[in-house]
Number of protein chains: 2
Amino acid sequence: MKSKDQNTEQAIMNAAVEIFQSKGMAGARMQEIADKAGINKALLHYYFRNKQMLFEAVFKSALGQLAPEISKIFNADLSIEEKITAFVSYYIPFVNQNRFLPVFVIQELNNNPVFAEQFFSANALPKTEKFRYQLIEASKIGEIRNVDPDQFVLDLFAVVVFPFVGRPLMKNLLQKDDQGFDDLIQGRIEHVTTMLLNSIKK
Amino acid sequence: MKSKDQNTEQAIMNAAVEIFQSKGMAGARMQEIADKAGINKALLHYYFRNKQMLFEAVFKSALGQLAPEISKIFNADLSIEEKITAFVSYYIPFVNQNRFLPVFVIQELNNNPVFAEQFFSANALPKTEKFRYQLIEASKIGEIRNVDPDQFVLDLFAVVVFPFVGRPLMKNLLQKDDQGFDDLIQGRIEHVTTMLLNSIKK
DNA sequence: GTCTATAGCCAGATAGAC
DNA sequence: GTCTATCTGGCTATAGAC
């Protein structure tokens, strides 16, 4: 009774994720996605109508993977230190397993400002106010250094995400080979946790 | 006696920078560049032969703007603290004036790994060893906390560059409008300097 | 649901006049 | 050096058979 084959649809999505995430919307080719999925172009259009819709499905699924855990961590009933630790230890390995994901998201948001605007008015990102509120309260009572919570959240995402986004550049700047850079990533959870906690410690 | 008109060449470069940096190599259109430069497609090819070569000229000029000052700062005869301060105060305003530059560089390096490889074997990035060596020495004599210099350089670039690269995402996550995010950028030099110095202070 | 074949368009590149 | 006109290939998308 089903009008779409679940396996085919899944194969298409997997292929599309791979191609779109490594080449971007503009650089991706429907033919290449079809090849990777083991089908032909016509079937691709049968399932997703056109390139834009396939792209949006991939993009939405990409952000859908990133968002829920952010939300869970920042809104949990945890201390500041616990949240920082949880965020860093969860996200660094996750992004390490999905290396193209953050570049893809960032690239498309920057290249298609109109799409970005529409997307965010339809799909809200997780809220981080609770965590930022905790930071304000803690600095009020002198538990941590006086710090702008918005700046600190920026720092948090920066030190976690940037090494993956800027990998080709930083690999070269630090004169590492792939193995050497992977080693650096391995040590990053501990380094980043320590450095973030130190930066707000009194 | 000249075979190329300097003004035309400059007009093309300016237009190409703008289009390539905002849409990327794959998304850019030669027609759009020609229009913006006030000429036609044929002349574009007369000056730069093909799209790839025009792109490479733009890319090289982009990295050429970023590299020299990094080199100057990190190899200067300055203390660790002075280098951090100089780097942050120079680069945040610079990138703020050239917002598309880092996304463009990062995006193209990630989307074209082969090109990236070739590019870096022909054009070396600035060296940061002197700075990293200073960090090692300073932690040996107990002047600063024990810190992996590679990790610290990663942090340095992360906190400086990421807010521009991840702007559309972070703007949304922090629930800012454009003005609010610009204000955050304004306060960033001071915040980042303090936070980096704190993170290595004993 | 899946395929082959092809329409139709658009973009990069060139020919050739001025 | 700059233009108009055009070729050529490639890519999205659809028509239509099975």
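FYI, side chains are in, hydrogens and waters are out, and symmetry mates aren't considered; it's all heavy atoms of this structure. First the proteins, then the strands, lettered A, B, ... as listed; each starts at 1.
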What is the distance, to the nearest angstrom, from the [atom1] atom on [X] to the [atom2] atom on [N]?
| X | N | atom1 | atom2 | value |
| --- | --- | --- | --- | --- |
| A:Arg49 | D:dA13 | CZ | P | 10 Å |
| A:Tyr46 | C:dT4 | OH | P | 17 Å |
| B:Leu43 | C:dT14 | CG | P | 14 Å |
| A:Asn7 | C:dT2 | CG | C1' | 14 Å |
| B:Phe48 | C:dA13 | CZ | P | 14 Å |
| B:Asp5 | D:dC3 | CG | P | 11 Å |
| B:Glu32 | C:dG12 | CD | P | 10 Å |
| B:Met53 | C:dG12 | CE | P | 16 Å |

Original post:
Partners of B:Asn40 by side chain to side chain donor-acceptor pair (under 3.5 Å), sequence neighbours excluded?
Top reply: none
Original post:
With B:Asp148, which residues qualify under side chain to side chain donor-acceptor pair (under 3.5 Å), at least two apart?
Top reply: none
Taking only distance into account, with no hydrogens and no angle test, what donor-acceptor pairs under 3.5 Å do side-chain atoms of residues 53-68 of chain A form with protein atoms, sequence neighbours excluded?
{"residue": "A:Glu56", "atom": "OE2", "partner": "A:Gln52", "partner atom": "NE2", "Å": "2.8"}
{"residue": "A:Lys60", "atom": "NZ", "partner": "A:Asn123", "partner atom": "OD1", "Å": "3.4"}

Original post:
Should the ring pair A:Phe94 and A:Tyr90 be called parallel, tilted or perpendicular, given that the plane angle runs from 0 to 90° and is split at 30 and 60?
Top reply: parallel
**OP:** Answer with base, sugar-phosphate or nothing: what part of the nucleic acid does B:Asn40 contact at a heavy-atom distance below 4.0 Å?
**Re:** base
Every protein N/O within reach of nucleotides 9-11 of chain C N/O, cut-off under 3.5 Å:
none

**OP:** Can you tell me which residue pairs pass the side-chain hydrogen bond (donor to acceptor under 3.5 Å, both in side chains) test with a partner in residues 79-89 of chain B, sequence neighbours excluded?
**Re:** B:Ser79-B:Glu82, B:Lys83-B:Gln134
Tabulate protein N/O versus nucleotide N/O from nucleotides 15-18 of chain D, keeping only pairs under 3.5 Å, one per line.
none

Original post:
Any side-chain N or O of B:Tyr47 under 4.0 Å from OP1/OP2 of D:dT2?
Top reply: yes
**OP:** Return no unless some side-chain N or O of A:His45 is found under 4.0 Å from OP1 or OP2 of D:dA13.
**Re:** yes
**OP:** Any pair with a residue in residues 28-44 of chain A that passes salt bridge (Lys or Arg N to Asp or Glu O under 4.0 Å), sequence neighbours left out, goes on the list, sorted by first then second residue, please.
**Re:** A:Glu18-A:Lys36, A:Lys23-A:Glu32
**OP:** Using the salt bridge (Lys or Arg N to Asp or Glu O under 4.0 Å) rule, collect all pairs that involve residues 97-117 of chain B, keeping only residues at least two apart or in two chains.
**Re:** B:Arg99-B:Asp182
**OP:** Only counting residues at least two apart or in another chain, list the ones meeting salt bridge (charged side-chain N to carboxylate O under 4.0 Å, His left out) with A:Asp155.
**Re:** B:Arg188
Original post:
Taking the six-membered ring for Trp, is the centroid-to-centroid distance between A:Phe157 and A:Phe87 below 6.0 Å?
Top reply: yes
